[in-house]
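Okay, so here's the structure we're looking at.
Every value quoted in this text rests on a predicted model; they were computed, and no experiment measured them. No hydrogens, no waters, no symmetry mates; every other heavy atom, side chains included, goes into these values. Chain letters run A, B, ... following the sequence lines, proteins first and then strands; every chain starts at 1.
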2 protein chains.
Amino acid sequence: MSQLRPVVREARSVSPATTRDEGGAREHGPPSTSVTVDVVLLTLRAGRLCVLVIQRDEPPFQDYWALPGGFVDADEDLDSSARRQLAEETGVTAAGHLEQLYTYGDPGRDPRTRVVSVAYLALLPNLPQPEPGRRGQQARWWPVEDLDSPEGPTLAFDHPRIVADGVERARSKLEYTPMAAAFCEEPFTLADLRRVYEAAWGVSLDPPNFRRKVLSTPDFVVPVGAVSSPRGGGRPAQLYRRASATALYPPLLRRSV
Amino acid sequence: MSQLRPVVREARSVSPATTRDEGGAREHGPPSTSVTVDVVLLTLRAGRLCVLVIQRDEPPFQDYWALPGGFVDADEDLDSSARRQLAEETGVTAAGHLEQLYTYGDPGRDPRTRVVSVAYLALLPNLPQPEPGRRGQQARWWPVEDLDSPEGPTLAFDHPRIVADGVERARSKLEYTPMAAAFCEEPFTLADLRRVYEAAWGVSLDPPNFRRKVLSTPDFVVPVGAVSSPRGGGRPAQLYRRASATALYPPLLRRSV
DNA sequence: CCAAAAGTGTTCTCGGTACACCCATGC
DNA sequence: GCATGGGTGTACCGAGAACACTTTTGG
């Protein structure tokens, strides 16, 4: 059994940025570390869930693909930094959905120096195909299912894991939050929204049941009172926009995880 | 609409620790930052969910209560650092449950310098009352419901928010993971397990239904084949230990969020 | 004996599924 | 007209809620 005791060797400090362990057995002053933000930007393109990656144009991992990201400025908070990196590296300024994902800090995840990276997850509606960057640097969307395949991109650093974590977070949060709507340009139809779930989960959902489920969840979506013009046959669909819900109760569960 | 384009001003790097923006409009080299880990350690004491806090013995926030934590060493990963802080500051070495919670990096969250703190959530069975620390530094458990009350402790830094986030994470993950068992000393009865949910959610659950729910979830718990000795009346209960499940499907949902 | 807690059985209800069917549009 | 997709109705099924009841212990 473990004992609970304060173990106050000396005047130990207990929290951020204090000189500490004066007289303690170990020395660990405040080692300085680089803190970066990396963004897993997901969107839906042609019914497939895709992630934005940028080709690196310098070592290490030159010519590998990497997530947009960079250093956190001295005076900015983490969320702002994520928004800034996204704007600077991809031109994306749309609101969409942005949330902190996870923080990666293994020593050695960057071969040069200690870097702790706070990863963010961003969801946006489909955007134009990125132009090739000047100087050979390219940005492009990769369908997430192709990331493991041989013809998929080789990702730099520990970005394969970060992307995997981001995709899993997105898939999972679709269940109990209304964040699927962040993938849809407003106004959207319920079929648009359904296709988000179908693409993200790789399933097909029954349209009538999906409709009832979404409409019975208070403040998930609200009708805008107009209908879409069907493209190539079919009855026009009601149009909706996101509403104020922050959670779905009961959730919209995937089959059997 | 936002445009998607690489915006490669110059030889922009896109990921950790690269000299960057040579020739770009803004300068933001790699600013060095202190990275700490803070641990929200939760346990159950007398049917109440409690968090461990340590009284600070030096400025800033002298005499305020704070979460155990400290600097991440140059060569350790974040999870190891969290385990180390817990062991050094509270003597806790038990396995329990430990997961990364969230990363807090607002400039100004520490009045002295920029500190990015990676918070962890730890769950443990009830532990002995901590002795008062030498040199006046004390560690103690606070019931989480008392944290906002006037007679509750005044928490340092942004620790009130971190504790609130940790408690909410724990409450929420009880629904869809078997992590409630981390609060129970093995072997435990189903009543022990039920009391975890009741304390964390502030509800009372129907024992028969709870029993069926837990036992019908594959690999949530396994019987050890012994029974508890009832304390003061009542039929002896079967004893169980944690099994291999990592998720509960279907989840054990709280009433109406 | 009674009280207390474990454990079983049973009914009811509600949400999800499956699927038949109707509606409105493009061609 | 026919194909296509939107939208409604409905019957079935399974999990959860509520609660009566039995079992096994301490006093």
Taking the six-membered ring for Trp, is the centroid-to-centroid distance between A:Tyr240 and A:Phe220 below 6.0 Å?
no

Taking only heavy atoms on the protein side, list every residue of residues 190-210 of chain A lying under 4.0 Å from any atom of DNA chain D, sorted numerically.
A:Ala191, A:Arg194, A:Pro208

Looking only at side chains, do B:Asp165 and B:Tyr104 share a donor and an acceptor under 3.5 Å apart?
yes

Are B:Tyr176 and B:Tyr249 close enough that their ring centers fall under 6.0 Å?
no

How far apart are the closest heavy atoms of A:Pro153 and A:Asp146, and which atoms are they?
CD-O, 4.4 Å

Can you pull out how bent the helix from C:dC1-D:dG27 to C:dC27-D:dG1 is, comparing the axes over its first five and last five pairs, to 10°?
0°

For the pair made of OH in A:Tyr249 and C1' in C:dG16, what is the distance, rounded to whole Å?
14 Å

Expressed as a whole number of angstroms, how long is the span from A:Gln238:CD to D:dG5:P?
19 Å

B:Arg195/B:Asp192 ion pair, N-O < 4.0 Å
yes

Inter-residue atom distance B:Leu52.CG - B:Arg45.CZ, 0.5 Å rounding:
10.0 Å

Between B:Pro250 and A:Arg212, name the one whose nearest nucleotide on DNA chain D is closer to the 5' end.
A:Arg212

May I ask you to decide if the ring planes of A:Phe157 and A:His159 are parallel, tilted or perpendicular, using 30° and 60° as cut-offs?
tilted

Carboxylate-amine/guanidinium proximity below 4.0 Å for A:Arg254 and A:Glu198
no

Enter the distance from B:Lys173:NZ to B:Leu123:CG here, rounded to the nearest 0.5 Å.
9.5 Å

A:Arg211 side chain N/O closer than 4.0 Å to the phosphate oxygens (OP1, OP2) of D:dG6?
no

Single hit among A:Leu67, A:Leu101, A:Leu78, A:Asp38 for side-chain contact (heavy atoms from CB on, under 4.5 Å) with A:Tyr120
A:Leu78

Answer yes if the side chains of B:Asp77 and B:Ser80 hold a donor-acceptor pair under 3.5 Å, and no otherwise.
yes

Nearest whole Å is fine: how far is C:dG15 P from A:Leu252 CG?
14 Å

Review item, nucleotides 25-27 of chain C N/O atoms under 3.5 Å of protein N/O:
from: C:dT25; atom 1: O2; to: A:Gly234; atom 2: N; distance (Å): 3.0
from: C:dG26; atom 1: O4'; to: A:Gly233; atom 2: N; distance (Å): 3.2

Separation of D:dG16 atom P from B:Glu175 atom CD, nearest Å, is 13 Å

d(CG, B:Leu253; P, C:dG15) in whole Å
13 Å

Would you tell me if any nitrogen or oxygen in the side chain of B:Lys213 comes within less than 4.0 Å of OP1 or OP2 on D:dG16?
yes

